[in-house]
Amino acid sequence: MSKKVRVRFAPSPTGGLHLGGVRTVLYNYLFAKKHGGDFIVRIEDTDQSRYVSGAEEYIFDCLRWCGLEPDESVQHGGAFGPYRQSERKPLYRKYAEQLIAAGHAYYAFDTTAELEEMREKFKSTENPSPQYDHHLRMKMRNSLTLSADETNSLLASNTPNVIRIKMPVGKTVSFQDMIRGEVSFDTSLVDDKVLLKADGMPTYHLAVVVDDYLMKITHAFRGEEWLPSAPVHLLLWQYLFGWEEMPQWAHFPLILGPHGKLSKRDGAKYGFPVFAMNWQDPKTGETTAGFREKGFLPAAFINLLALLGWNDGSEKEIFSKEELIASFDMARVHSGGAKFDYEKAKWFNHEWIKLTSASKLVPLVSHTFEMANLPITNVVLLEQVIAIVKDRCTVVTDFIEQGSFFFNRPTQIDTASILPKWNTEKSTFFDQLIHYYQQANPWTTGELEKICKDLALTHQLKTGELLLPLRIMLVGGKFGPGVFDIACLLGKEETLERLTQAKRLILQGA
RNA sequence: GGCCCGUUCGUCUAAGGGCUAGGACACCACCCUUUCACGGUGGUGAUACGGGUUCGAAUCCCGUACGGGCUACCA
């Protein structure tokens, strides 16, 4: 029996959670649930200079909205805590020192200024960004170039220092990526990454390996941007815990914007959301739009993300979360980056709105109306309205344009579209229509249609020419579902009231 | 610059040696509907290029080009 599957999503709480992040969560979640495993969220907050208040809370709110609840996390508890790296700080040093003892790492005392100086000094056209690597480490101030006494006295006097990994020269490290197959690197070309910072906090490189080990992570999934630092992690695993303990890796393709890696900048520029939910930067006060507020359904959001880089091999595109869990397969995740297409994203949402029953949509739509300062008291009517307009709503906010006239009389009547073809015949027709509608019984779509069409016949008028004015009188403009459906839902009193008022308005204009 | 990853319609993708290169979004046309949608039918549109391997290549190999990522005491 193999080990229980344990995967983790490890965000740093520095701002909004974007598409790529959510998709990483999703693939982790799907993989875990598919294999009966656990999904862990670990907060990687080792860089206190980038701390953003509220970001951590926000991330969990996003996951909750998406329906991707962790099994273990800061908020959910678990046996492998703490789940915030800043709270695990005392854990890391011993591993770094263990590496030094084994000759795989060393102390470095170079100041920021000295590092900058080095980069300036060795910068050239052929090498625009010099690395702290085996070529240069012997020219720097570290425990490799200093005598043991010098090193010890520097340490004893609390001279600021970091611990760097000593990358071996001329070795090839490789691993099997679940998506890409074998990937290999020449260790000579990788720099001596900092493992433990001067403030005693680990960098990502050390922390990810130590915590994945301590938290018994079996599969480590992350974005492709991490691939270049994989050799560091591989070596760390080998030195600290052994290859056998190492999780299986998969690096997801990037989600691209029109130019490169999708950024919130792209969203602002091209008018589509990039974050899961609205995010307001506490420092600048700037708000970045989220899918939730744009009117996306969580089910649609997850669905469209899942299909951005994965498919089940069939032509099926609409998947519920349960279906995704059942059919997800890491090996079928694409290796190439995917450009985000907002039009297709909207299509997914439209499909999900059509698929979701009116009753299930009531709370969401009701809340949307509330947000727009159009509170709804008649939920029975709301459900009926949703039922007849949802096919023409792409995002939830569309319900406002498509449905608000049921609850509030239109303030504007597009008489301009009626007047050019208005005449006395039509005028008397509508007078009589109002009269017959007064006596209509039952007040049903079918009955209303029959009355109208019969009357048109006796007046020798074409129904087509009457339906548009009728619609405009009821809704204010040229939109909405079937006119008789509208009249039916509006009810007799309201319908007659609108007709009478609109009629008066038309006569004034005529 | 170096390293790594990638490359099928505009976009997301299917086809893991045999083909009329399939589907979806978007777009266009028609039908339905005498609002707009929904729905239906059809259409435009792709294997980056050059070499191999093979009876046969989108599929395997090499090179080139292009795209992307990384190159911090950030993740």
Side-chain angles (χ1 to χ4, degrees), chain A residues 10-14 44-47 49-50 85 108 110-112 115-116 119 123-133 160-164 177 179-180 183-186 188-191 193-205 207-208 222-231 251 253-254 256 258-261 304 307-318 331-332 334-348 350-351 354 389-394 398 402 417 462-472 475 477-483:
Chain A
S12 70
T14 52
E44 309 232 335
D45 57 347
T46 53
D47 185 358
S49 69
R50 294 213 306 161
Q85 286 181 332
D110 318 276
T111 63
T112 313
L115 289 172
E116 267 174 40
R119 291 198 179 98
K123 198 153 118 183
S124 65
T125 330
E126 305 86 62
N127 186 11
S129 40
Q131 301 193 113
Y132 200 121
D133 61 11
N161 67 85
V162 301
I163 294 178
R164 286 181 182 270
D177 188 280
I179 297 169
R180 294 154 208 279
V183 182
S184 55
F185 305 85
D186 177 352
S188 303
L189 300 167
V190 183
D191 61 331
K193 291 265 186 269
V194 169
L195 263 21
L196 202 71
K197 300 188 262 191
D199 64 2
M201 279 287 193
T203 58
Y204 172 83
H205 308 295
V208 72
R222 57 196 351 181
E224 189 185 339
E225 70 268 29
W226 289 108
L227 211 38
S229 56
H251 292 85
L254 264 16
L256 276 12
H259 303 299
K261 196 157 89 163
L304 74 93
L307 273 281
L308 207 55
W310 169 86
N311 71 84
D312 75 342
S314 75
E315 280 167 6
K316 185 176 165 72
E317 292 197 274
I318 301 300
R332 286 200 65 91
H334 247 254
S335 41
K339 206 172 282 180
F340 176 66
D341 179 4
Y342 191 46
E343 293 305 318
K344 182 91 185 220
K346 286 192 288 191
W347 174 81
F348 273 106
H350 193 183
E351 292 301 304
K354 285 190 282 176
V389 305
K390 73 191 180 90
D391 280 6
R392 59 200 78 206
C393 293
T394 301
D398 287 346
Q402 291 293 330
S417 294
K462 285 183 191 160
T463 357
E465 294 191 18
L466 301 167
L467 259 32
L468 190 65
L470 178 57
R471 163 180 303 280
I472 294 173
V475 316
K478 293 185 261 190
F479 61 94
V483 227

Original post:
With nearest nucleotides of RNA chain B determined for A/Leu308 and A/Glu343 from heavy-atom distances, which residue corresponds to the more 5′ nucleotide?
Top reply: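 Residue closer to the 5' terminus by nearest nucleotide: A/Leu308.
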
**OP:** For A/Asn127 and for A/Gly336, find the nucleotide of RNA chain B with the closest heavy atom, then tell me which residue's nucleotide is more 5'.
**Re:**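 Counting from the 5' end, the first nearest nucleotide belongs to A/Asn127.
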
Subject >> Salt bridge A/Lys339-A/Asp341, side-chain N to carboxylate O under 4.0 Å >> reply: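 A salt bridge is absent here (no side-chain N lies under 4.0 Å from a carboxylate O).
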
Original post:
Is the shortest side-chain N to carboxylate O distance from A/Lys354 to A/Glu351 below 4.0 Å?
Top reply: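 Salt bridge: yes.
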
Atom pair distance, as rounded to whole Å: [atom1] in [X] and [atom2] in [N]:
X: A/Tyr342; N: B/rC25; atom1: OH; atom2: C1'; value: 14 Å
X: A/Asp186; N: B/rG2; atom1: CG; atom2: P; value: 14 Å
X: A/Phe340; N: B/rC25; atom1: CZ; atom2: P; value: 16 Å
X: A/Glu315; N: B/rA24; atom1: CD; atom2: C1'; value: 8 Å
X: A/Leu466; N: B/rU35; atom1: CG; atom2: C1'; value: 14 Å
X: A/Lys346; N: B/rC12; atom1: NZ; atom2: P; value: 17 Å
X: A/Lys339; N: B/rU7; atom1: NZ; atom2: C1'; value: 12 Å
X: A/Ile179; N: B/rC4; atom1: CD1; atom2: P; value: 19 Å

Original post:
Does a side-chain N or O from A/Asn311 land closer than 4.0 Å to OP1 or OP2 of B/rA14, or not?
Top reply: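 For B/rA14, OP1 or OP2 has a side-chain N or O of A/Asn311 closer than 4.0 Å.
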
Original post:
Where do A/Tyr132 and A/Ala108 come nearest, in terms of heavy atoms and distance?
Top reply: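 Scanning both residues completely, I find the closest heavy atoms to be OH-CB, 3.8 Å.
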
Original post:
How are the rings of A/His205 and A/Trp226 set to each other: parallel, tilted or perpendicular (split at 30° and 60°)?
Top reply: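 A/His205 and A/Trp226: perpendicular rings.
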
Original post:
Of the nucleotides B/rG2, B/rC5, B/rA24, which has the atom closest to the A/Leu227 side chain?
Top reply: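 The closest nucleotide is B/rC5.
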
Subject >> Residue A/Trp347, side-chain atoms from C-beta onward, closest of B/rG22, B/rC25, B/rG1 >> reply: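 For A/Trp347, the side-chain atoms sit closest to B/rC25.
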
Taking atom [atom1] in both [N] and [M], compute the distance separating them and give it to the nearest angstrom.
N: B/rG6; M: B/rA48; atom1: C1'; value: 13 Å
N: B/rA58; M: B/rG50; atom1: P; value: 13 Å
N: B/rU11; M: B/rG45; atom1: C1'; value: 12 Å
N: B/rA14; M: B/rC32; atom1: C1'; value: 31 Å
N: B/rU44; M: B/rC49; atom1: C1'; value: 25 Å
N: B/rU54; M: B/rG1; atom1: P; value: 37 Å
N: B/rC12; M: B/rA46; atom1: C1'; value: 13 Å

Tell me which nucleotide, if any, is Watson-Crick or G-U wobble paired with [N] when both distances must be under 3.5 Å.
N: B/rA58; result: none
N: B/rG6; result: B/rC66
N: B/rA24; result: B/rU11
N: B/rU47; result: none
N: B/rU41; result: B/rA29
N: B/rG1; result: B/rU71

Working to the nearest 0.5 Å, report the span between [atom1] of [X] and [atom2] of [Y].
X: A/Arg471; Y: A/Leu466; atom1: CZ; atom2: CG; answer: 13.5 Å
X: A/Lys344; Y: A/Leu307; atom1: NZ; atom2: CG; answer: 7.5 Å
X: A/His251; Y: A/Arg222; atom1: NE2; atom2: CZ; answer: 4.0 Å
X: A/Ile318; Y: A/Leu304; atom1: CD1; atom2: CG; answer: 9.5 Å

Name the nucleic acid region contacted by [X], choosing base, sugar-phosphate or nothing; use a 4.0 angstrom heavy-atom cut-off, strictly under.
X: A/Phe185; value: sugar-phosphate
X: A/His334; value: sugar-phosphate
X: A/Arg222; value: nothing
X: A/Val190; value: nothing
X: A/Thr463; value: base

Original post:
Do the side chain of A/Lys344 and the base of B/rA26 come within less than 3.5 angstrom through a donor-acceptor pair of N or O atoms?
Top reply: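 Under the 3.5 Å cut-off, the side chain and the base do not form any donor-acceptor pair.
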
Could you tell me whether a side-chain N or O of [X] sits under 3.5 Å from a main-chain N or O of [Y], the two making a donor and an acceptor?
X: A/Glu224; Y: A/Gly336; result: no
X: A/Arg332; Y: A/Trp310; result: no
X: A/His350; Y: A/Ala345; result: no

**OP:** Begin with the C-alpha distance, continue with both residues' side-chain angles, and end with the deciding distance and a verdict on salt bridge (charged side-chain N to carboxylate O under 4.0 Å, His left out) for A/Arg119 and A/Glu116.
**Re:** CA-CA 5 Å; A/Arg119 291 198 179 98; A/Glu116 267 174 40; over 6 Å; no

**OP:** At under 4.0 Å between heavy atoms, which parts of nucleotides 36-47 of chain B does protein reach? Answer with one letter per nucleotide, 5' to 3': B base, S sugar-phosphate only, - none.
**Re:** BBSS--------

Original post:
For nucleotides 68-75 of chain B, read 5' to 3', which letter fits each nucleotide if B means a protein heavy atom sits under 4.0 Å from the base, S means only the sugar-phosphate is that close, and - means neither?
Top reply: BBSB-BBB

Original post:
For B/rC38, does the O4'-C1'-N9-C4 (purine) or O4'-C1'-N1-C2 (pyrimidine) torsion place it in syn, i.e. within 90° of 0, or in anti?
Top reply: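 Classified syn.
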
